[in-house]
Amino acid sequence: MDIILLGPPGAGKGTQASRLEDEHGMVQLSTGDMLRAAVKAGTEVGLKAKALMDAGELVPDEVVSGIIGDKLDDLGAGASVIFDGYPRTAAQAVALDEILANRDRALDHVVELEVDEDALVERIVGRFTCGNCGEGYHDTFKQPAKADVCDACGASQFKRRPDDNEETVRTRMKEYRAKTEPILPIYEARGIVKKVDGMGSMDDVSNAIESALSLD
Ligand code: AP5
């Protein structure tokens, strides 16, 4: 099963994709994570992406579609994939259809996380992750059980994303409304969109996604 998780910055795409990985053996393909890894490694893609990401603007379509195609080839045919943060423009939606068709794959569902944008700034500005294993936390909604110690790996170094500040979040929201929201009708016309309330607790949202996808 191949699905897209769609929603504005902070909607919970990464949180829910990671739960689908853990609980259902699916594979999360996050273009944001891949680009951050490229920036960290100082690759050509990373050098192109860094300033755009720091400003909250989108990286060129051909760059992200290229890395998605490469990742799918690495994974092979058997994996069930969650596209997290991709596609984000009409051109990327067209590219994804082609990428999937060339590999005898097809989209099964698009899960749209419906959220109240005013709450998202708080979600994003309070976000931090373990510097060692990447486990996600939040100042208010998900603190480590023991202060300053990662629940997952025991490390005690945490980090925050450079684009998780209020000004950049506003630009990311604008980009979402202008370029990403308009691709929804493409999938609605195919009858594959499942709308899920993204404003409940993380567990409630997970349960709603599982039931929308008929996962046990
Ligand atoms: P990307 O990394 O994709 O960022 P984003 O879309 O802005 O999404 P986020 O990661 O901010 O939010 P999320 O929905 O995953 O929320 P999360 O689960 O973390 O992209 C970053 C940049 O890369 C872009 O700006 C662009 O420059 C570039 N880029 C990436 N893909 C691209 C593409 N395809 N084309 C062009 N450029 C691209 O949750 C947020 C916080 O809320 C967390 O702290 C979490 O703990 C908390 N939380 C989650 N769910 C809940 C809940 N139900 N209740 C309370 N708190 C919650």
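Just so you know, ligand 1 is whichever comes first in the structure, and atom 1 is the first atom listed for that ligand. Just the heavy atoms: all of them, side chains too, but no hydrogens, waters or symmetry mates, feed the values below.
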Quiz item: Taking all non-hydrogen atoms of both residues, which atom of G7 and which atom of K13 are closest, and how far apart?
Solution: O-NZ, 3.0 Å
Quiz item: When you look for heavy atoms under 4.0 Å from ligand 1, do you find them on the side chain of R161, its backbone, both, or neither?
Solution: side chain
Quiz item: Heavy-atom contact under 4.0 Å between G200 and ligand 1?
Solution: yes
Quiz item: Below 4.5 Å, heavy atoms only, C-beta onward: do S30 and Q28 meet side chain to side chain?
Solution: yes
Practice problem: Decide yes or no on side-chain contact (heavy atoms from CB on, under 4.5 Å) for D84 and L29, but give the supporting numbers first. | Solution: CA-CA 6 Å; D84 162 9; L29 292 189; over 6 Å; no
Exercise. Can you pull out the closest protein heavy atom to atom 28 (C) of ligand 1? Residue, atom name and distance to 0.1 Å, please.
Key: L35 CD1, 3.7 Å
Quiz item: For ligand 1, is any non-hydrogen atom under 4.0 Å from Y137's backbone (N, CA, C, O), its side chain (CB onward), both, or neither?
Solution: backbone
Quiz prompt | ligand 1 N/O within reach of T15 N/O, cut-off under 3.5 Å | solution = yes
Quiz item: Using heavy atoms and a threshold below 4.0 Å, how should the contact between D204 and ligand 1 be classified: side chain, backbone, both, or neither?
Solution: neither
Exercise. Show the numbers, then the answer: is there a side-chain contact (heavy atoms from CB on, under 4.5 Å) between N207 and S211?
Key: CA-CA 6 Å; N207 290 337; S211 107; over 6 Å; no
Quiz item: Looking only at N/O atoms, are A11 and ligand 1 under 3.5 Å apart anywhere?
Solution: yes
Exercise. Might you point out which heavy atoms bring A95 and Y86 nearest each other, and give the distance in Å?
Key: CB-OH, 3.9 Å
Self-check item: Closest approach of any protein heavy atom to atom 19 (O) of ligand 1, naming residue and atom
Solution: R127 NH1, 2.6 Å
Practice problem: If you have a sec, work out which protein heavy atom is nearest atom 6 (O) of ligand 1 and how many Å separate them, to one decimal? | Solution: R88 NH2, 2.5 Å
Quiz item: Side chain, backbone, both or neither: which part of R36 comes within less than 4.0 Å of ligand 1 when only heavy atoms are counted?
Solution: side chain
Exercise. Work out whether the distance between some heavy atom of Y176 and some atom of ligand 1 is less than 4.0 Å.
Key: no
Quiz item: Among protein heavy atoms, which lies nearest atom 46 (O) of ligand 1, and at what distance?
Solution: M202 CE, 3.5 Å
Practice problem: Give the residue, atom name and distance (to 0.1 Å) of the protein heavy atom nearest atom 37 (N) of ligand 1. | Solution: V59 N, 3.0 Å
Exercise. Just jot down the ligand 1 atoms closer than 4.0 angstrom to any heavy atom of T31, in number order.
Key: 30 (C), 31 (N), 32 (C), 33 (C), 34 (N)
Quiz item: With no hydrogens and no angle check, is any side-chain donor or acceptor of R88 less than 3.5 Å from a backbone partner on T180?
Solution: no
Quiz item: Can you tell which part of M53 has a heavy atom less than 4.0 Å from ligand 1: side chain, backbone, both or neither?
Solution: both
Quiz prompt | Proximal ligand 1 atoms for G14, defined as those under 4.0 Å from one of its heavy atoms | solution = 13 (P), 15 (O), 18 (O)
Self-check item: Under 3.5 Å: donor-acceptor pair, side chain of E117, backbone of M173
Solution: no
Practice problem: Identify the heavy atoms of F128 and H138 that sit nearest to each other, and give their distance. | Solution: CE2-C, 3.6 Å
Quiz item: Between D139 and R123, is the closest basic N to carboxylate O distance under 4.0 Å?
Solution: no
Quiz item: So, do I183 and T89 sit near enough that their side-chain heavy atoms are less than 4.5 Å apart?
Solution: no
Practice problem: Please test R127 against R160 for side-chain contact (heavy atoms from CB on, under 4.5 Å), starting from the C-alpha separation and ending with a verdict. | Solution: CA-CA 7 Å; R127 168 170 59 188; R160 291 179 191 259; over 6 Å; no
Exercise. Specify side chain, backbone, both or neither for S201, according to which of its non-hydrogen atoms lie closer than 4.0 Å to ligand 1.
Key: backbone
Quiz item: Hey, which atoms in ligand 1 end up nearer than 4.0 Å to a heavy atom of E57?
Solution: 26 (C), 27 (O)
Quiz item: So which protein heavy atom does atom 56 (N) of ligand 1 come closest to, and at what separation?
Solution: F141 CD1, 3.4 Å
Quiz prompt | Under 3.5 Å: N/O of V64 near N/O of ligand 1 | solution = no
Quiz item: Salt bridge between R19 and D203, side-chain N to carboxylate O under 4.0 Å?
Solution: yes
Quiz item: What residue and heavy atom of the protein are closest to atom 12 (O) of ligand 1, and at what distance?
Solution: G10 N, 2.9 Å
Quiz item: For ligand 1, does Q92 get within less than 4.0 Å through its side chain, its backbone, both, or neither, judged by non-hydrogen atoms?
Solution: side chain
Quiz prompt | Proximal atoms of ligand 1 relative to R172 (non-hydrogen, under 4.0 Å) | solution = 4 (O), 5 (P), 7 (O), 9 (P), 11 (O), 25 (O)
Quiz item: At what distance is the nearest protein heavy atom to atom 54 (N) of ligand 1, and which residue and atom is it?
Solution: R123 NH2, 3.6 Å
Exercise. Would you check, one step at a time, whether the test side-chain contact (heavy atoms from CB on, under 4.5 Å) holds for E112 with K194?
Key: CA-CA 6 Å; E112 184 199 3; K194 312 274 184 194; over 6 Å; no
Quiz item: Ion pair present between R190 and D97, side-chain N to carboxylate O less than 4.0 angstrom?
Solution: yes
